[in-house]
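Letters go in sequence order (proteins before strands), and every chain restarts at 1. The structure presented is a predicted model; accordingly, all values stated were derived computationally and were not measured. Side chains included, hydrogens not; waters and symmetry mates left out as well; all remaining heavy atoms used.
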Amino acid sequence: MNATARSTTTVAADAVETTAAGLAAEISTWFGENARDLPWRRAGFSAWGTLVSEFMLQQTPVNRVIPRLAEWLERWPTPGDLASVPPGEAVRAWASLGYPRRALWLHAAAVEITERHGGVVPHDVDDLLALTGIGDYTARAVAAFAYGHRHPVVDTNTRRVIARAVAGQAEPAPPSRRRDLEAMSQLLPEETVAAAVFNAAIMELGAVVCTSRSPRCEACPIRDACAWRAAGYPEYAGPKKAVQKKFEGSDRQVRGLIMAELRATHHPVTAAEIESLWPDAVQRDRALAGLLADGLAVCVDTGMYALSQG
DNA sequence: AATCCGGGGGT
DNA sequence: ACCCCAGGATT
């Protein structure tokens with residue numbers, strides 16, 4: 001059952017109206033009064049800034065992104081500025097945001113924007129999707145937030161809010177591009193500006209109120225319309241998410257140690273220095289080989305490694 | 001559809 | 001200890 005299907009129910013005057021339009025209006029009003037003051041919400045924030053922020057926010061929490069974003073935009077205020085430096089500089093400046101190939105991909109996207117789009121971040125979702133490292137979420141987020149275009153934007157927060165408020169389930173089903181966009185389209189206001197606001201508003205609600213664990217339902221603007229609440233907060237019955245392997249002792253940890261060493265120095269790192277980072281030679285070699293294959297590290301001489309020079 | 005890919009903070 | 005985080009690419 002979706003919000004539209006429940007819309008025939010007459011509700012008390014002070015209750016949240018449970019039409020799609022009513023839900024969107026309530027969430028957007030709440031957002032207007034409770035939105036966090038984030039850099040990418042400042043007036044005049046550039047489309048390039050939005051794109052950089054969205055890359056950084058791919059699996060890295062807001063609070064860790066903010067300081068790096070400021071550094072990046074001061075150093076590389078346009079795509080052309082980033083495109084003009086070696087990719088290794090982007091990887092170094094990425095610091096410990098995690099998943100450093102995002103830095104490589106962001107650099108590649110900057111080059112593509114410079115070469116194919118005259119240095120202007122494209123408006124068109126398909127043009128954005130064609131850029132390295134930009135997928136379904138980021139393409140729509142840039143089009144909607146940087147340029148105000150009307151597109152459904154679906155991130156993990158949005159998926160969770162819809163799963164609860166509309167579908168009455170504790171957690172969203174595994175991501176499905178078509179289903180997720182369809183569900184969000186049902187809620188998205190027709191009017192362009194209202195749509196852009198709502199895209200941000202529902203994400204914010206999921207980020208600060210309708211959180212994955214310990215949701216703050218008492219502070220939720222649509223608690224009276226929430227299907228999950230109405231159903232008595234049933235537990236999630238769908239397929240279990242795969243338990244991610246523990247970080248300690250993983251290849252990812254070893255890759256991270258090597259990358260930290262490469263970032264820390266401005267001269268090539270020797271094989272001996274890399275050896276000192278991890279005792280297991282097989283795993284160490286596998287990690288280094290992976291970094292070389294990914295282009296995150298390069299072999300500048302026999303047994304000498306560095307960040308990508310260009 | 002499943003796996004891989006960092007790192008840090010909340011519970 | 002375990003979970004989660006404004007995901008995307010690859011197989």
Please state the C1' separation for the pair B:dG8 and C:dA9 - nearest whole angstrom. 24 Å
Among C:dA6, C:dA9, B:dG6, the one nearest any side-chain atom of A:E204 is C:dA6
From C:dA9, B:dC5, C:dG7, pick the nucleotide closest to the side chain of A:Q59? C:dG7
Given B:dC4, C:dC5, C:dA6, identify the nucleotide with an atom nearest to the side chain of A:K245. B:dC4
Between B:dG7 and C:dT10, how many Å separate the two C1' atoms, rounded to a whole number? 22 Å
Please determine if a side-chain N or O atom of A:T60 lies less than 4.0 Å away from the OP1 or OP2 oxygen of C:dA6. no
Which nucleotide in C:dC4, B:dG8, C:dC5 has an atom nearest any side-chain atom of A:R160: C:dC5
Ignoring the backbone of A:S96, work out which of B:dC5, B:dG8, C:dC5 is nearest its side chain. B:dG8
Would you mind telling me which of B:dG7, C:dC5, C:dC3 lies closest to the side-chain atoms of A:F247? B:dG7
Could you check whether A:E54 and A:Q58, counting side-chain N and O atoms only, form a donor-acceptor pair closer than 3.5 Å? no
Rounded to whole Å, please give me the gap between NE2 in A:H107 and C1' in C:dG8. 19 Å
Pairwise P distance for C:dG8 and B:dG9, with rounding to whole Å: 24 Å
Give A:R102 one of three labels, base, sugar-phosphate or nothing, depending on what nucleic acid heavy atoms sit under 4.0 Å from its own. base
Verify whether one side chain among A:R68 and A:T60 offers a donor that lies under 3.5 Å from an acceptor in the other. no
Is any NZ, NE, NH1 or NH2 atom of the basic residue among A:D280 and A:R284 found under 4.0 Å from an Asp or Glu carboxylate oxygen of the other? no
Derivation and outcome, salt bridge (charged side-chain N to carboxylate O under 4.0 Å, His left out), residues A:R41 and A:D37: CA-CA 7 Å; A:R41 293 177 181 162; A:D37 178 23; over 6 Å; no
Enumerate the protein-to-nucleotides 9-11 of chain B contacts in which both atoms are nitrogen or oxygen and the separation is below 3.5 Å.
{"unit_1": "B:dG10", "atom_1": "N2", "unit_2": "A:R213", "atom_2": "NH2", "d": "3.4"}

What is the nucleic acid contact for A:T138, judged by heavy atoms within less than 4.0 Å: base, sugar-phosphate only, or nothing? sugar-phosphate
How many Å lie between CD1 on A:I134 and P on C:dA9, as a whole number? 9 Å
P atoms of C:dA1 and B:dC5, separation to the nearest Å: 23 Å
For atom CG of A:L128 and atom C1' of C:dA6, their distance in whole Å: 16 Å
In whole angstrom, give the distance that lies between atom CG of A:L69 and atom P of C:dA6. 15 Å
Counting only side-chain N and O atoms of A:Q58, is one of them less than 4.0 Å from OP1 or OP2 of C:dG7? no
So what does A:R41 touch, heavy atoms closer than 4.0 Å: a base, only the sugar-phosphate, or nothing? base
When all nucleic acid strands are considered with a 4.0 Å heavy-atom cut-off, which category describes A:D136: base, sugar-phosphate, or nothing? sugar-phosphate
In Watson-Crick or G-U wobble terms, both distances under 3.5 Å, what is the partner of B:dG7? C:dC5
Among C:dC5, C:dA6, B:dC5, which nucleotide has an atom closest to any side-chain atom of A:S212? C:dC5
Taking NE2 from A:H151 and C1' from C:dA6, how many angstroms apart are they, rounded to a whole number? 17 Å
Could you walk me through whether A:C217 and A:Y233 pass the side chain to side chain contact (heavy atoms under 4.5 Å, CB included) test, one step at a time? CA-CA 11 Å; A:C217 298; A:Y233 299 116; 3.4 Å; yes
Looking at A:A227 and A:V166, what are the two nearest heavy atoms and their distance? CB-O, 3.7 Å
Using a heavy-atom cut-off of under 4.0 Å over every strand shown, decide if A:P100 touches base, sugar-phosphate, or nothing. sugar-phosphate
